[in-house]
Q: 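I have a structure I would like to understand better, so I am pasting it below and will then ask my questions one at a time.
Please read all numbers here as calculations on a predicted model, not as lab measurements. Numbers here are sequence positions counted from 1.
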Amino acid sequence: MRIGWPRRVSAQVLLIQVLITGGVTALAIGLFLAPLSHQLDEQAMHRALAIAQTVAAEPQVAQSLLTSPPTPDGPVQAEAERIRTATDASYIVVMDTHGTRWSHTDTARIGEHVSTDPSVALGGHDIMQIDSGTLGRSARGKVPLRDAHGKIVGAVSVGFAYTGLRARLLAVVPLLRYAGAALAVGVLAALWAARRLQRATHGLAFADISALLDEREAMLHGIREGVVALDPHGRIRLLNDEAQRLLGLDGDAAGLPLDEALPPGRTTDVLAGRAEGKDLLTVSGGRVLVANRMPTEGGGAVVTLRDRTELELLGRELDSTHGLLDALRAQDHEHANRLHTLLGLLELGLHEAAVDFVAEVADTHRASAEEVSDRVHDPLVAALLVGKAAIAAERGVSLRIVPGTLLPDRVVDPRDLVTVLGNLVDNALDAASGEVEVELRPERDTVLLRVGDDGPGVPPELRGKIFDEGWSTKQSPSHRGRGLGLALVRRLAERYGGTARVAARAGGGAVFTVVLPEALADQDLDLNLDLAERGAAAPALTGGAG
């Protein structure tokens with residue numbers, strides 16, 4: 001079985017932590033013991049030197065060396081052993097000037113030449129050293145031995161066994177026990193951290209985690225849904241490309257609190273979890289979004305965003321198509337009735353009455369269309385009002401253009417005005433019981449738009465909520481959600497720097513007022529362009545007449 005580097009993250013972390021803990025412990029012990037060992041060696045050598053000086057200072061030792069032979073039972077050996085026993089030294093060797101031992105722990109070596117060089121001590125100098133002799137490695141002190149006249153007659157060598165020093169070192173250093181305990185605690189802590197890391201990483205290897213991160217990045221930036229990850233404190237942790245596009249943010253938004261990155265409103269409330277539910281509708285930057293928020297462990301959350309703008313537009317187009325079909329069906333029914341009436345008049349021979357009837361019907365339709373075109377010069381807005389008038393007639397509601405209405409043909413973006421007016425007229429037709437009023441008035445570059453109905457009106461306590469995304473009192477159709485029309489109206493008004501509000505209508509009902517600043521092009525610019533076009537066309541007309 002081959003032992004190799006572990007693959008799991010937890011096992012690698014455990015091994016690394018054990019190695020680091022053991023290395024740090026060994027380094028700490030080494031840094032502590034190195035000077036301590038040197039200090040103990042110094043103390044042992046100084047002690048040996050002091051004892052050797054004490055022995056050399058005894059006059060009897062020098063006198064006995066000169067007056068007695070080197071024998072195991074001689075006076076020099078007896079005095080040396082007495083002092084050795086009292087000082088716990090390993091040996092005390094007294095030698096003459098020829099290096100011959102007169103005392104030794106092993107009496108068999110008395111009379112032999114010493115194993116180390118005694119020349120320094122016999123030369124009159126004290127010496128301290130760590131050296132090896134017949135008793136092994138020891139800390140030694142050597143001093144010259146002088147007689148009563150100061151003449152060197154020999155030397156004294158005292159030593160302490162080096163193995164004894166190591167034993168003393170280990171005995172006086174409890175750090176080893178503490179280091180062992182610290183190492184054991186460190187290993188247990190590393191084991192606990194590795195187990196916890198194993199649960200957090202699900203036993204994955206570094207290669208697996210790296211692959212998962214690469215796959216996650218590819219998936220997040222490749223899907224067509226916005227993904228926003230939030231931490232427990234409501235800060236943005238992750239924002240993929242689609243979420244940046246839908247919310248109008250950039251990559252620098254990561255790390256910011258949600259309330260700072262996004263303006264106040266329903267979108268922020270949905271992402272922060274203050275609005276609860278599934279498939280919540282919200283409007284951000286003119287886009288209709290469907291949001292779902294999923295909490296994660298630790299208090300965070302992941303929010304997914306789907307762009308339903310195109311689907312919502314298709315739904316509204318479908319609603320308009322249904323309305324046009326209803327209007328065409330009503331007109332077909334009305335046309336059939338008129339044809340039947342006309343046929344009856346002709347069969348009765350009332351030809352003049354038939355002519356008058358046809359003229360009256362044609363004048364009525366022409367008057368209605370001409371009234372709209374005379375007051376509303378933009379073709380898209382005028383066509384919208386004509387179509388809505390037909391739908392209103394089918395529902396038995398009168399769509400009336402308020403006197404004073406005048407919309408010039410210099411609307412900057414007619415589609416935005418059609419969106420606002422269409423949503424307000426649709427809501428008014430749904431609520432009205434008999435009449436809907438539309439007013440369009442220019443004020444320099446601003447368009448003031450009012451739509452009123454004689455329905456039940458909007459209670460004061462609900463007037464601040466009806467413009468919120470997802471709020472509606474109507475049942476949602478199967479192909480799209482409710483509560484977005486008025487939200488889009490308010491967003492468009494705010495985009496232009498204007499306002500959208502609702503109030504009570506005189507005589508009952510509600511009136512919606514929308515102000516769209518800079519919705520009209522500069523009148524002086526249009527006049528200059530018109531004069532330029534006329535000046536360019538004048539030569540051609542003159543040439544044609546000639």
Q: If you compare all heavy atoms of Val381 against all heavy atoms of Asp378, which two are closest, and at what distance to 0.1 Å?
A: N-OD2, 3.2 Å

Q: Looking only at heavy atoms, which two atoms of Leu384 and Gly422 are closest? And how far apart?
A: CD2-N, 3.8 Å

Q: Mind checking whether Leu424 and Leu486 have side chains closer than 4.5 Å, heavy atoms only?
A: yes

Q: Does Asp231 use its side chain to pair, donor to acceptor, with the backbone of Arg237 at less than 3.5 Å?
A: no

Q: From Asp250 CG over to Leu239 CG, what is the distance, rounded to the nearest 0.5 angstrom?
A: 8.5 Å

Q: Does any part of the side chain of Leu305, heavy atoms only, come nearer than 4.5 Å to the side chain of Val290, both counted from C-beta?
A: no

Q: Does the Arg293 side chain pair with the main chain of Leu271, one donor and one acceptor, at a distance under 3.5 Å?
A: yes

Q: Applying side-chain contact (heavy atoms from CB on, under 4.5 Å), run through Leu230 and Val228 and close with a yes or a no.
A: CA-CA 7 Å; Leu230 305 172; Val228 181; 3.9 Å; yes

Q: Return yes if some donor-acceptor pair links the side-chain N/O of Thr405 with the main-chain N/O of Ile401 below 3.5 Å, else return no.
A: no

Q: What is the distance from atom CD1 of Ile236 to atom CG of Leu258, rounded to the nearest 0.5 Å?
A: 5.5 Å

Q: Could you tell me which non-hydrogen atom of Val515 sits nearest to which non-hydrogen atom of Pro517, and how far apart they are?
A: O-CD, 3.4 Å

Q: Any sub-3.5 Å donor-acceptor pair from Asn292's side-chain atoms to Thr304's backbone N or O?
A: no

Q: For the pair Asn240 (side chain) and Gly226 (backbone), establish whether a donor and an acceptor sit closer than 3.5 Å, ignoring hydrogens and angles.
A: no

Q: More than 12 heavy atoms of other residues, nucleotides or ligands under 6.0 Å from CD of Glu443: is that the case?
A: yes

Q: Which residue is it: Val412, Leu492, Leu407? I am looking for the one with a side chain to side chain contact (heavy atoms under 4.5 Å, CB included) to Leu417.
A: Leu407

Q: Using 4.0 Å as the upper bound for N to carboxylate O, is an ion pair formed by Lys388 and Asp426?
A: yes

Q: Quick one: closest heavy-atom pair of Ala428 and Val451, and the distance?
A: CB-CG1, 3.8 Å

Q: How long is the straight-line distance from CG of Leu246 back to CD of Glu225, given to the nearest 0.5 Å?
A: 9.5 Å

Q: Ignoring hydrogens and angles, tell me if any N or O in the side chain of Arg463 forms a donor-acceptor pair with the backbone of Ala503 under 3.5 Å.
A: no

Q: For the residue pair Ala431 and Pro456, what are the closest heavy atoms and their distance?
A: O-CD, 3.6 Å

Q: Are the side chains of Arg505 and Glu437 in contact, using a 4.5 Å heavy-atom criterion?
A: yes

Q: Can you confirm whether Val420 sits close enough to Val418 that some side-chain heavy atom of one is under 4.5 Å from a side-chain heavy atom of the other?
A: no

Q: Output the distance between atom CD (Gln244) and atom CG (Asp252), rounded to the nearest 0.5 Å.
A: 9.0 Å

Q: Evaluate the side-chain proximity of Arg245 to Asp307: yes if any heavy-atom separation is below 4.5 Å, no if none is.
A: yes

Q: Please round to the nearest 0.5 Å and tell me the distance separating atom CZ of Phe512 and atom CG of Leu449.
A: 12.0 Å

Q: Within a strict 4.5 Å, meaning less than it, do heavy atoms of the Thr268 and Arg274 side chains meet?
A: yes

Q: Would you sort out whether Thr446 and Arg444 count as a side-chain contact (heavy atoms from CB on, under 4.5 Å), showing the intermediate values?
A: CA-CA 6 Å; Thr446 301; Arg444 297 182 63 83; 5.8 Å; no

Q: Does any non-hydrogen side-chain atom of Leu440 lie less than 4.5 Å from one of Leu448?
A: no

Q: For Val447 versus Ala519, what's the shortest heavy-atom pair and its separation?
A: CG2-CB, 3.9 Å

Q: Compare all side-chain heavy atoms of Leu421 with those of Val438 and state whether any distance is below 4.5 angstrom.
A: yes

Q: Take Arg441 and Glu439, measure what salt bridge (Lys or Arg N to Asp or Glu O under 4.0 Å) needs, and give me the verdict at the end.
A: CA-CA 7 Å; Arg441 284 196 297 108; Glu439 180 182 3; 2.7 Å; yes

Q: Rounded to the nearest 0.5 Å, what separates atom OG1 in Thr499 from atom CZ in Phe467?
A: 9.0 Å

Q: Would you find more than 12 non-hydrogen atoms of other residues, nucleotides or ligands less than 6.0 Å from Glu494 atom CD?
A: yes

